[in-house]
Structure formats: C-alpha cells, structure tokens
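Have a look at the structure below before the remarks.
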Number of protein chains: 2
Amino acid sequence: MGRWETGAGERLRVAALDLFSKNGFEGVTVAEIAAAAGLTERTFFRHYSDKREVLFDGQDRLEGLFLQAVAESRAVRPMELVTEALSRSAEFFGEDRRPWSRSRQTVIDANPALLERESLKMNSLAAALASGIEARGVLAVAATLAADSGISAFRMAFSQWIVEGEERSFEQIQAAVLDELRTVVGLG
Amino acid sequence: MGRWETGAGERLRVAALDLFSKNGFEGVTVAEIAAAAGLTERTFFRHYSDKREVLFDGQDRLEGLFLQAVAESRAVRPMELVTEALSRSAEFFGEDRRPWSRSRQTVIDANPALLERESLKMNSLAAALASGIEARGVLAVAATLAADSGISAFRMAFSQWIVEGEERSFEQIQAAVLDELRTVVGLG
DNA sequence: TACAGTGATGACAGTCTCTGACATCCATGT
DNA sequence: ACATGGATGTCAGAGACTGTCATCACTGTA
C-alpha cells in the first residue's frame, strides 16, 4: 500500500460535515470539500461514490450487527429475531456518538436529496434484515413485514435518541418503542 | 392560458417510459426524451423537477386517496384507520393499470437511483398517512408505527399484484397481507 | 379587425456532478 | 539502485439542472 497522509476518507467526512453545517449541502461543492481535506475533487469520488455518500458511512457496519445478531440467535419467531437485532444495534449508538449523530441529522433533515438517500439506506437495512430472518426459516412475507416494522421502530427510537435533553440510552428508548409497536399493531 | 399541443407532461411521460424500457434509465438523456415528445430539454424540466420524477407522477393522487379515507372514517384505533386507507387505495390500481405498472416497475428495479426515489416516495406516503392518523386523535408514536406497518403491507401487496400471472385484485391481495401482518407482529 | 395580456415554450450560456484516461508519486521488497 | 503497486493529481468531457430573455399562440377587449 502506498503511504500518504493517512485517513483521507476520514478527513473528507469531517470536512464535509463541517462545511455542510455552515453552508448547507447545496452550498458546498465537492471541490471545496476536497480542498478542505487537502485533496482534489477526483480523489473525493474515489472514496465516496457520490457527494451524498460521504454522510452515510457506518451503514455497512450497522447492517453487519443486525445480521450477526439474527444469525446467532436461537429465537424462532420473526419478531423475536427482530428484537434481538435491534438490541444488538444499540452498541453502535454509544454515548460518544450522540453529538455527531445530532449535527449529521440536522444537515440531512434540511435537504431533500439527503432525506432521499436516507430513505434508501433504511430500506436496504430492512431488506437485509428481512433476508437474514428468512434465512432462519421464516417465510418471506412474514420476514419482510417483521423487518419493516422493526426498522420503523428503529428509526423512531433514533429520532428520539438525538433529541436535545434526552437522557435515556438508545437501548432503553428502543425497548419502549417496540412495546408500543406490539400494542398498536396487535390490536388490529 | 396558452394553447399548444396539449398534454406535454403526458407526452413526456410516455416517451420516457418507452425509451427507458428500451435503453435503460441511464442510457437515455433528457434531451432525447424531450425530442421524442417534440419538446426541448429545458421544457422537460419545467414539467418535472428532475429526470427521475417523470416516473413518479400519480403519487400525489394516491396520497390524496389515503388521506381522504382516513379523514372520512369513523374508526378510532390506528390500525383500523390504516386498513381503511389501504382499502380505498385499491381504486387507484384498477385492472387497466396493471400492464403500465409492470413495465414501470421493471425500469425502476433496474436502477439504483430510481429505487432511491421510490424509497423516498414510500416514505412520504407513510409520513402523510401518519399525520392523517394523528389528526384523528392518535398519539404520534402509535400513528407512525401503524402507518409504517401499513405502507409495508401496501408495498408487499403491490409487488405481488404485478407478478405475471397473478389474477387476484389489488384489494384481495392487500387484505391477505394485512392479515399476515397482524399475525406476525401480534405474536411478538 | 387591431392590440395588449398571459402562459408555455425555445434559445443559450453557465455551473456542478461524475467519469475515463493517463501521468506521477511514495513506500515497500529485492 | 530498482521494480512494483496502490493512492493521488491532471485533464478533458458528458450530462443534469438553472437563470435569463426572447418568442409564440391563444384570449379578452376595444
């Protein structure tokens, strides 16, 4: 491997969030982000497939946690598997991550194109979770419905977790939301 | 109002799906679509905010049906409201629409950028449904969870509806999926 | 019939995202 | 010293999208 200033991807990510926070997503060009990281525009696109992607990085690791939890579980019913997957995901959202998550979400919420990318990521997460559940012997329709409901709960928990002043841990919030889900949908 | 060849938007939509089906979404330029419709690139962007949007048109009308059903219902529990909204949406997917829906979906499924837009649209649909339910006196969390689950069922029903050889109506399929949802999530 | 008003379209220049092709650099291993 | 290979720089270019202004076709009114 070649040896330059290390962590180009990391530098780009930091510079991007910083600039986006100041000037908004559309108020910043890729060339500016690259320059702030001491690189060129072309190199930015070698690290991130497009301008939005620089804000959606940990996604793969999160998906990995979900799938690992499902694969290791001994549960059988789909919603039990979902519950364990979500529970495992809590380790991804430690206390130190909360401030970064907050400013990142502020940027995303202010731009339709970023909300679009976020929708896709959540969708992919749900699809991956569903196929993990299916691999455990659950029928496709049931697996998908359970996974979608679970991701819905996950999103709701996340948006609550980053509220200013919220003190509960991610795991606590998520457990509460899952209870609510069972109540609401179970009542028909 | 000015009077030219009418239905510019319609002509663009037809030309776009036709060209996309032949050459794929990325294999067609906006200028080509416009030319096929007897217009210029600039005019395309006056009718559709971007290249993808030409494939996502009826969305507003569908959302209207959902909201109307919720507003007119006398039900109280969130999942009952969702059920009625989905039931009403069935009138959107008449038999004559099935072939168009099929080819449209084939194009979308073949392109990540279009899948992304579709995710966003489904998300917006869910958000609109949730706020309609909330307006009927349901707490926000419960309304969102119910709406998300309902849209999940809706998507599942749609994807089944356009399967080649499927003969059941949209409404029949949707009812079956909703039953499955209650069973899966209700079991915890 | 003449004429001003209105909304849709055309023409054109320009910015920015994203890609392909090729040269260059730096550390490593020999 | 020298070859290697991955990461970066440089350059050219296509295509999406926007701003601006002119133009056209129809409408209503005198």
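The figures here come from the full heavy-atom set of this structure, side chains too, leaving out hydrogens, waters and symmetry mates. Residue numbering restarts at 1 for every chain, and letters A, B, ... go by the order of the sequence lines.
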Handout entry: Phosphate OP1/OP2 of C:dC16 contacted by A:T29 side-chain N/O (<4.0 Å)
Key = no

Handout entry: Cation over ring face, B:R104 and B:F56, 6.0 Å, 45°
Key = yes

Completion exercise
Separation of D:dA16 atom P from A:E26 atom CD, nearest Å, is 18 Å

Problem - Gap between atoms CG and P, on B:D50 and C:dC16 respectively (whole Å) - result: 19 Å

Completion exercise
Looking only at C:dT17, D:dT18, C:dT9, the nucleotide nearest the B:L39 side chain is C:dT9

Completion exercise
Taken to the nearest whole Å, CZ/A:F45 to P/C:dG20 is 12 Å

Practice task
Write down the distance between CZ (A:F44) and C1' (C:dC18), rounded to a whole number of angstrom.
Solution key: 11 Å

Handout entry: Side-chain donor-acceptor pair present, B:S103, B:T106, cut-off under 3.5 Å
Key = no

Handout entry: Side chain of A:A8 (C-beta onward), nearest among D:dT18, D:dT8, C:dT9
Key = D:dT8

Handout entry: Contacts of type salt bridge (Lys or Arg N to Asp or Glu O under 4.0 Å), residue B:E167, not counting sequence neighbours
Key = none

Practice task
Measure from CZ on B:R11 to C1' on C:dA8 and round the result to the nearest Å.
Solution key: 11 Å

Problem - OP1 or OP2 of C:dA8 under 4.0 Å from side-chain N/O of B:H47 - result: no

Exercise for the section: State whether the distance check finds a donor on one side and an acceptor on the other, under 3.5 Å, for side chain A:R42 versus base C:dG20. Expected result: yes

Problem - 5' priority, DNA chain C, between A:V28 and B:G38 [closest heavy atom] - result: B:G38

Fill in the blank from the handout: Taking C:dC18, D:dA16, C:dT9 as options, the one with an atom nearest any side-chain atom of B:V30 is D:dA16

Handout entry: Spacing of A:R52 atom CZ relative to C:dC18 atom C1', expressed in whole Å
Key = 12 Å

Practice task
Assert yes or no for the condition that the ring centre distance of B:F154 to B:F66 is strictly below 6.0 Å.
Solution key: yes

Practice task
Select from B:R46 and B:K51 the residue whose nearest nucleotide in DNA chain D is closer to the 5' end of that strand.
Solution key: B:K51

Exercise for the section: Would you mind reading off the distance between B:N111 atom CG and D:dA16 atom C1', rounded to a whole angstrom? Expected result: 14 Å

Handout entry: Under 4.0 angstrom between A:T40 side-chain N/O and D:dT8 OP1 or OP2
Key = no

Handout entry: Given D:dA16, C:dG10, C:dT17, the nucleotide with the shortest approach to the side chain of A:E41
Key = C:dT17

Problem - Side-chain donor-acceptor pair present, B:S87, B:E171, cut-off under 3.5 Å - result: yes

Practice task
To the nearest Å, give me how far apart CG (B:L12) and C1' (C:dG10) are.
Solution key: 14 Å

